[in-house]
Amino acid sequence: MDAADMGRDLSNVLISEDELQTKIKELAGQIDADYAGKDLLIVGVLKGAVMIMADLARALHIPVQMDWMAVSSYGAGTKSSGVVRVLKDLDTDIANRHVLVVEDIIDSGLTLSWLLNNLQSRNPASAEICALLRKPDAVKVPIDVKYVGFDIPSEFVIGYGLDYAERYRNLPFIGTLAPHVYGGE
């Protein structure tokens, strides 16, 4: 699926496929340097982080293990509800492990703040965050994010794992969805 396939459902391309891949390689270089010689577990937050998790893991030059969590605070809407539900927990014991949470986007920060507190209660050696996107104007709780790909405006974005009603995740870029699609007109 590409921009032409979306027709008028796409307002614009915010971050191109090339820009995404360049940034992921840059983030991987920083992570390689910071975790050299350490036992790193990268934890993807489903479903949105699938694309960045896969590309980031392939770009890393250090050995890593991978695990997944699924948490939700959105439902089918375009804004976080603030109520977090764990849909899938880790399969791995993270005690004394270096954990890097890989997230697609930080919006209000409520879900990620809850998730980080949950993981820290399991006694990891360290717990850090890598987020592809962050909306600084939308953040409601302060979160220390070690690795950030792009700061973006507070618009509803889709593509590269991000969805609206489970659609558009397979776009190779980050775009803004036209308001008529989600009733924003």
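Hydrogens, waters and symmetry mates are skipped; everything else that's a heavy atom, side chains included, is used.
- Residues Asp137 and Ser154 come closest through the heavy atom pair CB-OG, 3.6 Å.
- Note that the CG atom of Asp67 and the CE atom of Met53 stand 7.5 Å from one another [nearest 0.5 Å].
- Using a 4.5 Å heavy-atom threshold, the side chains of Glu166 and Lys47 count as touching.
- Across every non-hydrogen atom of Gly48 and Asp104, the tightest pair is CA-OD2, 3.1 Å.
- Under a 3.5 Å cut-off, the side chain of Asp32 and the backbone N or O of His61 do form a donor-acceptor pair.
- Counting only heavy atoms from C-beta outward, the side chains of Tyr168 and Val181 approach each other to under 4.5 Å.
- Residues Asn96 and Pro124 form no side-chain contact, since every pair of their non-hydrogen atoms from C-beta on lies 4.5 Å or further apart.
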Which atom pairs, donor and acceptor, lie under 3.5 Å between side-chain atoms of residues 33-44 and protein residues at least two apart or in another chain?
from  : atom 1 : to     : atom 2 : distance (Å)
Asp34 : OD2    : Tyr147 : OH     : 2.6
Asp39 : OD1    : Arg97  : NH2    : 3.3
Asp39 : OD2    : Arg97  : NE     : 2.8

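- A 4.5 Å side-chain heavy-atom check between Leu132 and Met51 finds every atom pair outside the cut-off.
- Between the side chains of Thr22 and Glu19, no donor-acceptor pair of N or O atoms lies under 3.5 Å.
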* To do: Start with the C-alpha distance between Val45 and Trp68, add both sets of side-chain angles, then the distance that settles side-chain contact (heavy atoms from CB on, under 4.5 Å), and finish with yes or no.
  => CA-CA 6 Å; Val45 182; Trp68 299 93; over 6 Å; no
* **Verdict with supporting geometry, Met69 and Val101, side-chain contact (heavy atoms from CB on, under 4.5 Å)** => CA-CA 9 Å; Met69 284 189 82; Val101 176; over 6 Å; no
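- Annotation for Lys88: atom NZ counts as buried by contact number, over 12 foreign heavy atoms lying within 6.0 Å.
- With values rounded to the nearest 0.5 angstrom, Met1 atom CE is found 9.0 Å from Leu10 atom CG.
- Judged as a salt bridge (charged side-chain N to carboxylate O under 4.0 Å, His left out), and not counting sequence neighbours, Arg167 has no contacts.
- To the nearest 0.5 Å, the span separating OG on Ser113 from CG on Asp144 amounts to 11.5 Å.
- When atom types are taken as modelled, the side chain of Asn117 and the backbone of Trp114 share no donor-acceptor pair closer than 3.5 angstrom.
- Minimum heavy-atom separation, Gly159 to Ile174: O-CD1, 3.4 Å.
- Atom NZ in Lys146 sits 12.5 Å away from atom CG in Leu27 (nearest 0.5 Å).
- Atom-to-atom distance recorded for Leu115:CG and Leu110:CG is 12.5 Å, nearest 0.5 angstrom.
- In the model, Asp55 has a side-chain atom that pairs as donor or acceptor with a side-chain atom of Tyr160 under 3.5 Å.
- You'll find the side chain of Ile52 reaches within 4.5 Å of the side chain of Ile24, heavy atoms only.
- Using a 4.0 Å cut-off between a side-chain N of Lys or Arg and a carboxylate O of Asp or Glu, Lys135 and Glu155 do not qualify as a salt bridge.
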* Asked: Should Ile31 and Leu100 be marked as a side-chain contact (heavy atoms from CB on, under 4.5 Å) after you check the CA-CA gap, both sets of side-chain angles, and the distance that decides it?
  -> CA-CA 9 Å; Ile31 293 164; Leu100 180 62; 3.6 Å; yes
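- Ring geometry for Tyr164 versus Phe156: interplanar angle over 60°, hence perpendicular rather than tilted (30 to 60°).
- The stretch residues 170-179 participates, sequence neighbours left out, in these side chain to side chain donor-acceptor pair (under 3.5 Å) pairs: Asn12-Thr176.
- Note on Arg122 versus Asp89: salt bridge recorded, some NZ/NE/NH1/NH2 to OD/OE distance being below 4.0 Å.
- Shown here for Leu133 and Ile15, the closest heavy-atom pair between the two residues is CD2-CD1, 3.6 Å.
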* Asked: Should Val139 and Ile143 be marked as a side-chain contact (heavy atoms from CB on, under 4.5 Å) after you check the CA-CA gap, both sets of side-chain angles, and the distance that decides it?
  -> CA-CA 9 Å; Val139 173; Ile143 297 180; 5.6 Å; no
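- Here the closest heavy-atom approach between residue Ala178 and residue Arg8 is recorded as CB-O, 3.3 Å.
- Closest approach of Leu116 and Ala127 over heavy atoms only: CD1-CB, 4.0 Å.
- Interatomic distance, Leu112 CG to Glu103 CD, rounded to the nearest 0.5 Å: 5.5 Å.
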